[in-house]
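Remarks on the structure that follows.
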Protein chains: 2
Amino acid sequence: MAEPIYGRVALIGLGLIAGSMAHAMRRGGLAGEITGTARSAGTRAVADEIGLVDRVVETAAEAVAGADLVVLAVPVGAMGAVAEEIAPHLKPGATVTDVGSVKRAVVDAVAPHIPEGVHFVPAHPLAGTEHSGPRAGFASLFDNRWCLIVPVEGSDRDAVARLERFWQGLGANTDEMDPDHHDLVLAVTSHAPHLIAYTMVGVADHLRRVTDSEVIKYSAAGFRDFTRIAASDPTMWRDVFLANKEATLDILGRFTEELFVLQRAIRMGDGDMLHDYFTRTRAIRRGIIEAGQDTDAPDFGRSGGRKA
Amino acid sequence: MAEPIYGRVALIGLGLIAGSMAHAMRRGGLAGEITGTARSAGTRAVADEIGLVDRVVETAAEAVAGADLVVLAVPVGAMGAVAEEIAPHLKPGATVTDVGSVKRAVVDAVAPHIPEGVHFVPAHPLAGTEHSGPRAGFASLFDNRWCLIVPVEGSDRDAVARLERFWQGLGANTDEMDPDHHDLVLAVTSHAPHLIAYTMVGVADHLRRVTDSEVIKYSAAGFRDFTRIAASDPTMWRDVFLANKEATLDILGRFTEELFVLQRAIRMGDGDMLHDYFTRTRAIRRGIIEAGQDTDAPDFGRSGGRKA
């Protein structure tokens, strides 16, 4: 096994992402020791019971003591307070990173608390499942997924390179991006789609003439594809939308315009326009398959291997 | 092997659904002989080459001669013309069914052409993939999926029961529903979600500041879940929206209202409202897993078995 990339890694928050990082760090031998903490006593107890990290401690201050890498894996809205809490306890030369889905708001909330001599290198792994909590993680979550590294003004190049190596060791491909562009790209690829999925699931739930049990039984016709992302952690997503308000509202505005154009084509019976539109969207799907970011197996492998 | 349910089955149209029916009929020994035809000579040639059915013929009239079951598996907008074409050639006592995603418009277009002594029993299997054409089918497509049987006024109960047994033999669960309720349920579970997915993919494609290659690379963050359904057959979907105009526009109107409420909550910073909303949508997802209409495997099994 290779030399660990960091001697001690502290995980602040022990949910799906931090838990998967712990599993993947062990798989790759990336850390000498892993400490972890979570605000909830219940979460800490579960993490302790399943041996998620080497040492579960009660406070973030304890967790970061002596850590070479500190990972903020809490909802975006809690990042600033955690940074303030840990600041006096950070080891000189340590790197602080995060895994938040929004970057400008995290940079603005965290950077002012980072002491001289400590490196701050934000990051965002583009991976997840509908599950959350300390039992949800697994070692391969980041395999062949992207992790965006978002250096800030003055980020030490060696600290950035080391964090990239670390994420590659966790299985991810890495790219660098600036915070504002990150937030726009994610508004398109993640934040707007999530809000839209939540909305469609809400509409189905409210409809009186179609029962929830009908929606559930007949979901394989398309609706099902919306529900995974609409089952994601509510606290995390509340914070994402509030923290990436501008870009999300921009994309949702464009989405509504575009939807109205298609609704009008349906109302006017403009079949040619609909056909052209639907033909163009196929190309993007093909690109995703070719880029290895999805499988083209019929039914996404959902049939659980019963496929002929 | 059990006795076939129908002596001769004629498939009009040889795409994903008809092709999967052919594979599943053979798996279950449900038909004595399968004939098939398609409007495109290229499709007929491929079907012939791969032996998709027992006999590929050039016209629908030839295909239905002597058939005990005739399956209309063409886009919804083409059903009326096909019914008119085959009507004089239908065997007395035969059953005509279809697999269209919209039922009221198909009933209105097809029923007037069905001769006395021939049974018309519309149906709709809720199954599909993003692939189309004569090579796309596979025998297990309908396994554990629902097929809605939509009897019309005067449908012969024995003919209905026989068609239900046939669909169960293809692997599906069956339910009966009337045409108008079918169209509303499908507008919620399928038609509106498809249009929304097409729209979101279109928005991503139009955005100048984010490149298509960025959208594709970073699609795993949520966008990917929209693209499978936005890659479905354009002709089929054009016809679905035009044929189920009222119910689709009704649901899209509700969707837009609801989306505006959530957009406003984001703009006003109403985190409690967002959190409550996102919490409620989780329950529907759990229902879908429990109903066996999806898997709760992390990442939908997309990682291709690399999961720990």
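This structure is a prediction, so every number in the text was calculated from the model and none was measured. Below, chains carry the letters A, B, ... as their sequence lines are ordered, and counting in each starts from 1.
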Can you tell me how far the [atom1] atom of [X] sits from the [atom2] atom of [Y], to the nearest 0.5 Å?
X: B/K217; Y: A/R145; atom1: NZ; atom2: CZ; result: 13.5 Å
X: A/E214; Y: B/L148; atom1: CD; atom2: CG; result: 9.0 Å
X: B/R286; Y: A/I216; atom1: CZ; atom2: CD1; result: 11.5 Å
X: A/Y218; Y: B/T189; atom1: OH; atom2: OG1; result: 9.5 Å
X: A/H275; Y: B/L242; atom1: NE2; atom2: CG; result: 11.0 Å
X: A/R285; Y: B/S219; atom1: CZ; atom2: OG; result: 8.0 Å

Chain B heavy atoms under 4.5 Å from [X]: which part of the residue, side chain, backbone, both or neither?
X: A/D212; value: side chain
X: A/L16; value: neither
X: A/H191; value: neither
X: A/H194; value: side chain
X: A/N244; value: neither
X: A/M273; value: neither
X: A/F226; value: side chain
X: A/H124; value: neither

Exercise. Sub-3.5 Å donor-acceptor pair from the side chain of B/T281 to the main-chain atoms of A/Y198, do we have one?
Worked result: no
For this session: Against chain A, label B/H181 side chain, backbone, both or neither, depending on which of its atoms sit under 4.5 Å from a heavy atom there.
Result: side chain
Seminar exercise, completed: When the 4.5 angstrom heavy-atom criterion is applied to B/R254 and chain A, the contacting part is both
Problem set entry | Note: A/D250-B/R209 ion pair, threshold 4.0 Å (strictly below) | yes
Exercise. Out of A/R280, A/H206, A/E257, A/E290, which one racks up the most heavy-atom pairs below 4.5 Å with chain B?
Worked result: A/H206
Exercise. Out of A/V210, A/L274, A/T211, which one racks up the most heavy-atom pairs below 4.5 Å with chain B?
Worked result: A/V210
Problem set entry | chain A contact residues among residues 231-241 of chain B, heavy-atom distance under 4.5 Å | B/A231, B/S232, B/D233, B/P234, B/T235, B/W237, B/R238, B/F241
Problem set entry | Exercise: identify the closest heavy-atom pair between B/G269 and A/K245 | N-NZ, 4.2 Å
Exercise. In this structure, are over 12 heavy atoms from other groups packed under 6.0 Å from A/E176 atom CD?
Worked result: yes
